[in-house]
Amino acid sequence: MAKNLVVTGGAGYIGSHVAVDLINAGHDVLIIDNFVNSHPKAIERIKEIAPGRIDLLERDLANADHADEIVDAIKTFGADGAVHLAGLKAVGESVEKPAKYYSTNIGSALTLIRALEAANAKSLVFSSSATVYGDYNDNPVTEDGETGATNPYGRTKLFIEEILKDIARADNDWKIVNLRYFNPVGAHPSGKIGEDPNDIPNNLFPYIAQVAIGRREKLTVFGNDYATRDGTGVRDYIHVCDLARGHVKALDWLSGQKNGVVKDINLGAGVGYSVLEAVSAFKRASNRDIPYEIAARREGDIAEIYADAGLANELLNWKAEKSLEEMCADHWRWQSQNPNGYKTD
Ligand code: UFG
(Lines give C-alpha, C1' and ligand atoms only; values in the text may rest on other atoms or scores of the structure.)
Protein backbone atom coordinates (compact mmCIF):
# COMPACT_ATOMS: atom_id res chain seq x y z
CA MET A 1 0.00 0.00 0.00
CA ALA A 2 1.31 3.42 -0.96
CA LYS A 3 2.37 5.48 2.01
CA ASN A 4 3.56 8.99 2.80
CA LEU A 5 7.08 8.65 4.13
CA VAL A 6 9.46 11.22 5.57
CA VAL A 7 13.13 10.70 4.69
CA THR A 8 15.44 12.84 6.81
CA GLY A 9 18.85 13.28 5.23
CA GLY A 10 17.25 12.25 1.95
CA ALA A 11 19.70 14.25 -0.17
CA GLY A 12 22.68 12.44 1.34
CA TYR A 13 24.56 9.42 0.05
CA ILE A 14 22.39 6.70 1.56
CA GLY A 15 19.24 8.83 1.82
CA SER A 16 19.15 9.60 -1.91
CA HIS A 17 19.25 5.87 -2.72
CA VAL A 18 16.56 5.16 -0.13
CA ALA A 19 14.35 7.92 -1.59
CA VAL A 20 14.70 6.42 -5.09
CA ASP A 21 13.64 2.99 -3.86
CA LEU A 22 10.69 4.31 -1.86
CA ILE A 23 9.41 6.29 -4.85
CA ASN A 24 9.89 3.28 -7.12
CA ALA A 25 7.89 1.22 -4.62
CA GLY A 26 4.99 3.67 -5.12
CA HIS A 27 5.35 5.75 -1.95
CA ASP A 28 5.24 9.55 -1.68
CA VAL A 29 8.31 11.04 -0.07
CA LEU A 30 9.03 14.18 1.95
CA ILE A 31 12.77 14.79 2.21
CA ILE A 32 14.01 16.92 5.09
CA ASP A 33 17.61 17.97 4.60
CA ASN A 34 19.70 21.04 5.44
CA PHE A 35 22.38 20.28 2.79
CA VAL A 36 25.16 20.53 5.36
CA ASN A 37 26.79 17.39 3.95
CA SER A 38 24.74 16.96 0.78
CA HIS A 39 23.82 18.91 -2.35
CA PRO A 40 20.47 20.14 -3.72
CA LYS A 41 21.46 18.65 -7.07
CA ALA A 42 20.88 15.22 -5.54
CA ILE A 43 17.15 16.00 -5.36
CA GLU A 44 17.06 16.75 -9.10
CA ARG A 45 18.91 13.51 -9.81
CA ILE A 46 16.51 11.49 -7.63
CA LYS A 47 13.64 12.94 -9.68
CA GLU A 48 15.39 11.96 -12.92
CA ILE A 49 15.83 8.37 -11.77
CA ALA A 50 12.49 7.93 -10.04
CA PRO A 51 9.61 10.09 -11.23
CA GLY A 52 6.99 10.37 -8.53
CA ARG A 53 5.91 12.64 -5.71
CA ILE A 54 8.83 14.06 -3.83
CA ASP A 55 8.63 17.12 -1.61
CA LEU A 56 11.57 18.90 -0.05
CA LEU A 57 11.79 20.79 3.22
CA GLU A 58 15.15 22.51 3.57
CA ARG A 59 15.43 22.74 7.32
CA ASP A 60 17.76 21.67 10.12
CA LEU A 61 16.17 19.07 12.41
CA ALA A 62 18.63 19.97 15.16
CA ASN A 63 17.79 23.67 15.11
CA ALA A 64 15.21 24.48 17.77
CA ASP A 65 14.01 27.43 15.68
CA HIS A 66 13.00 25.06 12.86
CA ALA A 67 11.32 22.44 15.02
CA ASP A 68 7.74 23.79 15.00
CA GLU A 69 7.78 24.24 11.26
CA ILE A 70 9.10 20.69 10.78
CA VAL A 71 6.39 19.27 13.05
CA ASP A 72 3.70 21.15 11.07
CA ALA A 73 5.13 20.04 7.72
CA ILE A 74 5.16 16.39 8.73
CA LYS A 75 1.55 16.67 9.93
CA THR A 76 0.44 18.45 6.76
CA PHE A 77 2.19 15.84 4.61
CA GLY A 78 0.04 13.21 6.33
CA ALA A 79 3.05 11.09 7.18
CA ASP A 80 2.60 7.39 7.85
CA GLY A 81 6.17 6.94 9.04
CA ALA A 82 9.79 7.88 8.49
CA VAL A 83 13.28 6.79 7.66
CA HIS A 84 15.72 8.78 9.78
CA LEU A 85 19.15 9.24 8.23
CA ALA A 86 19.96 12.88 8.99
CA GLY A 87 23.07 13.34 11.08
CA LEU A 88 26.78 13.97 11.15
CA LYS A 89 29.03 10.99 10.48
CA ALA A 90 32.72 11.86 10.56
CA VAL A 91 34.36 9.78 13.26
CA GLY A 92 37.47 11.99 13.64
CA GLU A 93 35.47 15.22 13.84
CA SER A 94 33.21 13.63 16.46
CA VAL A 95 36.24 13.05 18.70
CA GLU A 96 37.25 16.71 18.36
CA LYS A 97 33.73 18.16 18.65
CA PRO A 98 31.66 15.74 20.71
CA ALA A 99 29.08 18.32 21.81
CA LYS A 100 28.35 19.18 18.18
CA TYR A 101 27.75 15.50 17.44
CA TYR A 102 25.55 14.90 20.46
CA SER A 103 23.45 18.00 19.89
CA THR A 104 23.07 17.48 16.14
CA ASN A 105 22.46 13.75 16.00
CA ILE A 106 20.43 13.36 19.17
CA GLY A 107 18.65 16.70 18.73
CA SER A 108 17.59 15.70 15.19
CA ALA A 109 16.23 12.36 16.38
CA LEU A 110 14.25 14.02 19.17
CA THR A 111 12.67 16.57 16.84
CA LEU A 112 11.64 13.81 14.45
CA ILE A 113 10.16 11.74 17.30
CA ARG A 114 8.14 14.76 18.42
CA ALA A 115 6.89 15.36 14.87
CA LEU A 116 5.93 11.72 14.29
CA GLU A 117 4.04 11.71 17.59
CA ALA A 118 2.20 14.88 16.58
CA ALA A 119 1.32 13.34 13.20
CA ASN A 120 0.39 10.03 14.83
CA ALA A 121 2.81 8.34 12.44
CA LYS A 122 4.75 6.18 14.85
CA SER A 123 6.64 3.94 12.42
CA LEU A 124 10.34 4.56 12.14
CA VAL A 125 13.36 3.01 10.47
CA PHE A 126 16.56 4.40 11.97
CA SER A 127 19.90 4.52 10.19
CA SER A 128 22.18 2.93 12.78
CA SER A 129 25.62 1.47 12.25
CA ALA A 130 27.77 -1.57 12.86
CA THR A 131 29.97 0.85 14.76
CA VAL A 132 27.69 0.16 17.76
CA TYR A 133 29.43 -3.23 18.10
CA GLY A 134 32.85 -1.75 18.79
CA ASP A 135 35.52 -4.43 18.92
CA TYR A 136 33.97 -6.83 21.38
CA ASN A 137 32.50 -9.61 19.29
CA ASP A 138 33.50 -12.63 17.25
CA ASN A 139 32.72 -12.54 13.53
CA PRO A 140 30.22 -12.79 12.01
CA VAL A 141 28.52 -10.39 14.41
CA THR A 142 24.89 -11.03 15.33
CA GLU A 143 22.43 -8.45 16.65
CA ASP A 144 22.76 -9.73 20.19
CA GLY A 145 26.50 -9.02 20.10
CA GLU A 146 27.89 -6.78 22.78
CA THR A 147 27.53 -3.07 22.04
CA GLY A 148 29.85 -0.24 23.00
CA ALA A 149 31.02 2.35 20.51
CA THR A 150 34.56 3.69 20.56
CA ASN A 151 33.90 7.32 19.56
CA PRO A 152 31.23 10.02 20.03
CA TYR A 153 29.76 9.49 16.54
CA GLY A 154 29.24 5.80 17.29
CA ARG A 155 27.81 6.61 20.70
CA THR A 156 25.21 8.92 19.14
CA LYS A 157 24.01 5.91 17.10
CA LEU A 158 23.92 3.70 20.17
CA PHE A 159 22.19 6.34 22.30
CA ILE A 160 19.53 6.98 19.65
CA GLU A 161 18.84 3.24 19.48
CA GLU A 162 18.37 3.28 23.26
CA ILE A 163 16.18 6.39 23.15
CA LEU A 164 13.95 4.70 20.57
CA LYS A 165 13.66 1.62 22.76
CA ASP A 166 12.60 3.78 25.71
CA ILE A 167 10.06 5.60 23.56
CA ALA A 168 8.55 2.33 22.31
CA ARG A 169 8.47 0.96 25.87
CA ALA A 170 6.59 4.03 27.08
CA ASP A 171 4.17 4.20 24.15
CA ASN A 172 3.10 0.93 22.63
CA ASP A 173 1.94 2.57 19.40
CA TRP A 174 5.51 2.84 18.13
CA LYS A 175 7.04 0.38 15.66
CA ILE A 176 10.79 0.74 15.16
CA VAL A 177 13.63 -0.90 13.29
CA ASN A 178 17.25 0.07 13.93
CA LEU A 179 19.17 -0.91 10.80
CA ARG A 180 22.80 -1.50 11.64
CA TYR A 181 24.66 -0.82 8.42
CA PHE A 182 28.04 -2.30 7.75
CA ASN A 183 30.16 -0.42 5.14
CA PRO A 184 27.97 1.09 2.39
CA VAL A 185 29.78 1.64 -0.93
CA GLY A 186 28.95 1.83 -4.63
CA ALA A 187 26.34 4.01 -6.29
CA HIS A 188 23.13 3.82 -8.28
CA PRO A 189 23.87 2.01 -11.59
CA SER A 190 22.69 5.10 -13.53
CA GLY A 191 25.74 6.96 -12.20
CA LYS A 192 23.44 9.89 -11.31
CA ILE A 193 23.64 9.69 -7.51
CA GLY A 194 26.51 8.60 -5.30
CA GLU A 195 28.80 9.56 -2.44
CA ASP A 196 30.09 13.12 -2.61
CA PRO A 197 32.21 13.94 0.44
CA ASN A 198 32.49 17.64 1.28
CA ASP A 199 36.13 17.48 2.13
CA ILE A 200 38.97 14.96 2.13
CA PRO A 201 37.17 11.60 2.27
CA ASN A 202 37.40 9.75 5.57
CA ASN A 203 36.21 6.44 4.18
CA LEU A 204 38.02 3.97 1.98
CA PHE A 205 35.91 3.82 -1.19
CA PRO A 206 35.46 7.54 -1.82
CA TYR A 207 39.18 7.97 -1.21
CA ILE A 208 40.11 5.19 -3.66
CA ALA A 209 37.70 6.64 -6.21
CA GLN A 210 39.30 10.08 -5.94
CA VAL A 211 42.75 8.56 -6.40
CA ALA A 212 41.51 6.64 -9.47
CA ILE A 213 40.09 9.84 -11.04
CA GLY A 214 43.29 11.75 -10.27
CA ARG A 215 41.97 14.13 -7.60
CA ARG A 216 44.34 12.62 -5.02
CA GLU A 217 47.84 11.33 -5.48
CA LYS A 218 47.70 8.11 -3.50
CA LEU A 219 45.76 6.16 -0.94
CA THR A 220 47.10 5.78 2.57
CA VAL A 221 46.50 2.26 3.85
CA PHE A 222 46.07 2.47 7.61
CA GLY A 223 48.08 -0.46 8.91
CA ASN A 224 49.26 -3.76 7.40
CA ASP A 225 50.04 -5.47 10.68
CA TYR A 226 46.55 -6.59 11.71
CA ALA A 227 45.89 -10.27 12.34
CA THR A 228 44.03 -10.58 9.02
CA ARG A 229 44.89 -12.53 5.86
CA ASP A 230 47.02 -9.74 4.34
CA GLY A 231 47.50 -7.61 7.45
CA THR A 232 45.06 -4.86 6.37
CA GLY A 233 41.66 -4.17 7.92
CA VAL A 234 38.72 -6.35 6.90
CA ARG A 235 35.20 -4.90 6.49
CA ASP A 236 31.80 -5.99 5.23
CA TYR A 237 31.20 -3.77 2.19
CA ILE A 238 27.61 -3.56 1.06
CA HIS A 239 26.28 -2.04 -2.13
CA VAL A 240 24.25 1.08 -1.31
CA CYS A 241 21.40 -0.16 -3.56
CA ASP A 242 21.18 -3.40 -1.57
CA LEU A 243 21.18 -1.27 1.56
CA ALA A 244 18.42 1.00 0.25
CA ARG A 245 16.28 -2.00 -0.65
CA GLY A 246 16.62 -3.13 2.96
CA HIS A 247 14.83 0.05 4.11
CA VAL A 248 11.84 -0.63 1.88
CA LYS A 249 11.73 -4.18 3.20
CA ALA A 250 11.98 -2.95 6.80
CA LEU A 251 9.05 -0.55 6.32
CA ASP A 252 6.98 -3.29 4.68
CA TRP A 253 7.78 -5.61 7.56
CA LEU A 254 6.82 -2.97 10.14
CA SER A 255 3.41 -2.57 8.49
CA GLY A 256 2.62 -6.17 9.31
CA GLN A 257 3.84 -6.03 12.91
CA LYS A 258 1.92 -5.47 16.09
CA ASN A 259 2.49 -2.18 17.87
CA GLY A 260 5.38 -1.94 20.30
CA VAL A 261 7.89 -3.82 18.16
CA VAL A 262 11.53 -2.67 18.21
CA LYS A 263 14.17 -4.66 16.33
CA ASP A 264 17.87 -4.19 15.70
CA ILE A 265 18.74 -5.66 12.30
CA ASN A 266 22.13 -5.93 10.61
CA LEU A 267 22.40 -4.97 6.96
CA GLY A 268 25.63 -6.39 5.65
CA ALA A 269 26.77 -8.75 2.93
CA GLY A 270 28.15 -11.21 5.47
CA VAL A 271 31.55 -11.31 3.76
CA GLY A 272 34.73 -9.49 4.74
CA TYR A 273 37.22 -7.97 2.29
CA SER A 274 40.58 -6.45 3.17
CA VAL A 275 41.70 -2.96 2.17
CA LEU A 276 44.12 -4.44 -0.38
CA GLU A 277 41.41 -6.68 -1.84
CA ALA A 278 39.15 -3.64 -2.22
CA VAL A 279 41.97 -1.72 -3.91
CA SER A 280 42.60 -4.58 -6.38
CA ALA A 281 38.90 -4.90 -7.19
CA PHE A 282 38.58 -1.14 -7.78
CA LYS A 283 41.68 -1.17 -9.97
CA ARG A 284 40.13 -3.86 -12.15
CA ALA A 285 36.75 -2.11 -12.34
CA SER A 286 38.20 1.31 -13.20
CA ASN A 287 41.18 0.19 -15.22
CA ARG A 288 43.12 2.93 -13.43
CA ASP A 289 46.20 2.74 -11.31
CA ILE A 290 45.61 3.15 -7.56
CA PRO A 291 48.95 4.00 -5.96
CA TYR A 292 49.06 3.50 -2.22
CA GLU A 293 51.43 3.67 0.70
CA ILE A 294 51.27 1.77 3.95
CA ALA A 295 51.07 3.94 7.07
CA ALA A 296 50.39 3.44 10.75
CA ARG A 297 47.03 2.14 11.97
CA ARG A 298 44.27 4.72 12.30
CA GLU A 299 43.26 5.31 15.90
CA GLY A 300 40.02 3.57 16.83
CA ASP A 301 40.08 1.15 13.86
CA ILE A 302 39.49 -2.52 14.45
CA ALA A 303 41.07 -5.43 12.60
CA GLU A 304 38.02 -7.14 11.24
CA ILE A 305 34.23 -6.99 11.33
CA TYR A 306 31.56 -8.55 9.17
CA ALA A 307 27.89 -9.25 9.64
CA ASP A 308 25.74 -12.20 10.33
CA ALA A 309 22.89 -11.01 8.11
CA GLY A 310 20.65 -13.98 8.89
CA LEU A 311 18.04 -11.99 10.82
CA ALA A 312 17.44 -9.61 7.87
CA ASN A 313 16.95 -12.65 5.65
CA GLU A 314 14.62 -14.32 8.12
CA LEU A 315 12.46 -11.31 9.05
CA LEU A 316 12.67 -9.04 6.03
CA ASN A 317 13.35 -11.60 3.31
CA TRP A 318 16.35 -9.45 2.41
CA LYS A 319 19.88 -10.31 1.52
CA ALA A 320 22.68 -8.47 -0.21
CA GLU A 321 22.91 -9.44 -3.86
CA LYS A 322 25.59 -7.30 -5.42
CA SER A 323 29.22 -8.42 -5.56
CA LEU A 324 32.37 -6.45 -4.75
CA GLU A 325 32.93 -6.14 -8.53
CA GLU A 326 29.53 -4.46 -8.94
CA MET A 327 30.18 -2.19 -5.96
CA CYS A 328 33.44 -1.03 -7.57
CA ALA A 329 32.00 -0.75 -11.10
CA ASP A 330 29.04 1.34 -9.90
CA HIS A 331 31.15 3.49 -7.59
CA TRP A 332 33.52 4.14 -10.49
CA ARG A 333 30.68 4.99 -12.90
CA TRP A 334 29.42 7.63 -10.48
CA GLN A 335 32.93 9.02 -9.89
CA SER A 336 33.91 9.08 -13.57
CA GLN A 337 30.62 10.66 -14.69
CA ASN A 338 30.83 13.20 -11.85
CA PRO A 339 34.55 13.82 -11.27
CA ASN A 340 33.80 16.61 -8.80
CA GLY A 341 30.66 15.08 -7.39
CA TYR A 342 27.52 17.22 -7.65
CA LYS A 343 29.62 20.37 -8.01
CA THR A 344 30.58 19.74 -11.66
CA ASP A 345 27.48 20.86 -13.44
N1 UFG B 1 41.10 2.80 5.31
C2 UFG B 1 42.37 3.02 4.79
N3 UFG B 1 42.62 4.23 4.23
C4 UFG B 1 41.69 5.23 4.14
C5 UFG B 1 40.40 4.99 4.68
C6 UFG B 1 40.15 3.77 5.27
O7 UFG B 1 43.24 2.15 4.84
O8 UFG B 1 41.99 6.32 3.62
C9 UFG B 1 40.80 1.47 5.89
C10 UFG B 1 40.40 1.52 7.34
O11 UFG B 1 41.55 1.45 8.15
C12 UFG B 1 39.49 0.30 7.47
C13 UFG B 1 38.83 0.23 6.10
O14 UFG B 1 39.67 0.96 5.22
O15 UFG B 1 40.25 -0.86 7.65
C16 UFG B 1 37.44 0.82 6.08
O17 UFG B 1 37.48 2.15 6.58
P18 UFG B 1 36.28 3.19 6.43
O19 UFG B 1 36.74 4.50 7.00
O20 UFG B 1 35.81 3.19 5.01
O21 UFG B 1 35.10 2.58 7.29
P22 UFG B 1 35.11 2.10 8.84
O23 UFG B 1 34.98 0.63 8.84
O24 UFG B 1 36.21 2.73 9.57
O25 UFG B 1 33.75 2.70 9.35
C26 UFG B 1 33.61 4.10 9.58
C27 UFG B 1 32.91 4.31 10.89
C28 UFG B 1 31.52 3.76 10.84
C29 UFG B 1 30.82 4.43 9.76
C30 UFG B 1 31.55 4.17 8.49
C31 UFG B 1 30.90 4.88 7.36
O32 UFG B 1 33.62 3.67 11.91
O33 UFG B 1 30.84 4.03 12.02
O34 UFG B 1 32.88 4.65 8.58
O35 UFG B 1 30.97 6.26 7.55
F36 UFG B 1 29.54 3.97 9.69
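Read the numbers this way: they start at 1 and go in the same order the structure lists the ligands and their atoms. One-based numbering along the sequence shown.
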Answer with side chain, backbone, both or neither: which part of [X] has a heavy atom less than 4.0 angstrom from an atom of ligand 1?
X	answer
F205	neither
L219	side chain
L204	both
D301	side chain
N202	backbone
V91	side chain
Y237	side chain

Are [X] and [Y] side-chain neighbours, meaning at least one heavy-atom pair lies under 4.5 Å?
X	Y	answer
D264	E161	yes
I70	R114	no
R215	Q335	yes

Exercise. Run down the list R235, R297, E304, R298 and name the one with the heavy atom closest to atom 24 (O) of ligand 1.
Key: R298
Practice problem: With atom 25 (O) of ligand 1 as the reference point, say which of V279, V275, I305, N183 has the nearest heavy atom. | Solution: N183
Any nitrogen or oxygen of [X], side chain or backbone, less than 3.5 Å from one on ligand 1?
X	answer
G233	no
Y207	no
K89	no

Quiz prompt | Close approach, Y153 and ligand 1, non-hydrogen under 4.0 angstrom | solution = yes
Any idea which protein heavy atom is nearest [atom], and the distance to it?
atom	value
atom 7 (O) of ligand 1	F222 N, 2.9 Å
atom 26 (C) of ligand 1	N203 ND2, 3.8 Å
atom 3 (N) of ligand 1	T220 O, 2.7 Å

Distance-only, no hydrogens or angles: does the [X] side chain make a donor-acceptor pair with backbone N or O of [Y] under 3.5 Å?
X	Y	answer
D21	H247	no
Y101	A90	yes
N105	T156	no

Quiz prompt | Atoms in ligand 1 flagged as close to S129, the criterion being non-hydrogen separation under 4.0 Å | solution = 33 (O), 36 (F)
Quiz prompt | Close-contact set for ligand 1 against V221 heavy atoms, below 4.0 Å | solution = 7 (O)
Exercise. Indicate if V18 and I54 have the same hydrophobic cluster label, given that clusters are the connected sets of ILVMFWY residues with side-chain heavy-atom separations under 4.5 angstrom.
Key: yes
Exercise. Report yes or no: do I265 and V141 belong to one cluster of Ile/Leu/Val/Met/Phe/Trp/Tyr joined by side chain heavy-atom distances under 4.5 Å?
Key: no
Practice problem: Report the C-alpha separation of K249 and D252 in whole Å, then their side-chain angles, then the decisive distance to 0.1 Å, and conclude whether the salt bridge (Lys or Arg N to Asp or Glu O under 4.0 Å) test is met. | Solution: CA-CA 5 Å; K249 293 274 194 179; D252 285 350; over 6 Å; no
Quiz item: Taking it one step at a time, do E143 and K263 satisfy salt bridge (Lys or Arg N to Asp or Glu O under 4.0 Å)?
Solution: CA-CA 9 Å; E143 289 80 358; K263 272 278 177 221; over 6 Å; no
Quiz prompt | ring-ring contact (aromatic ring centres under 6.0 Å, His included) partner of W334, the single match among Y342, F205, Y13 | solution = Y342
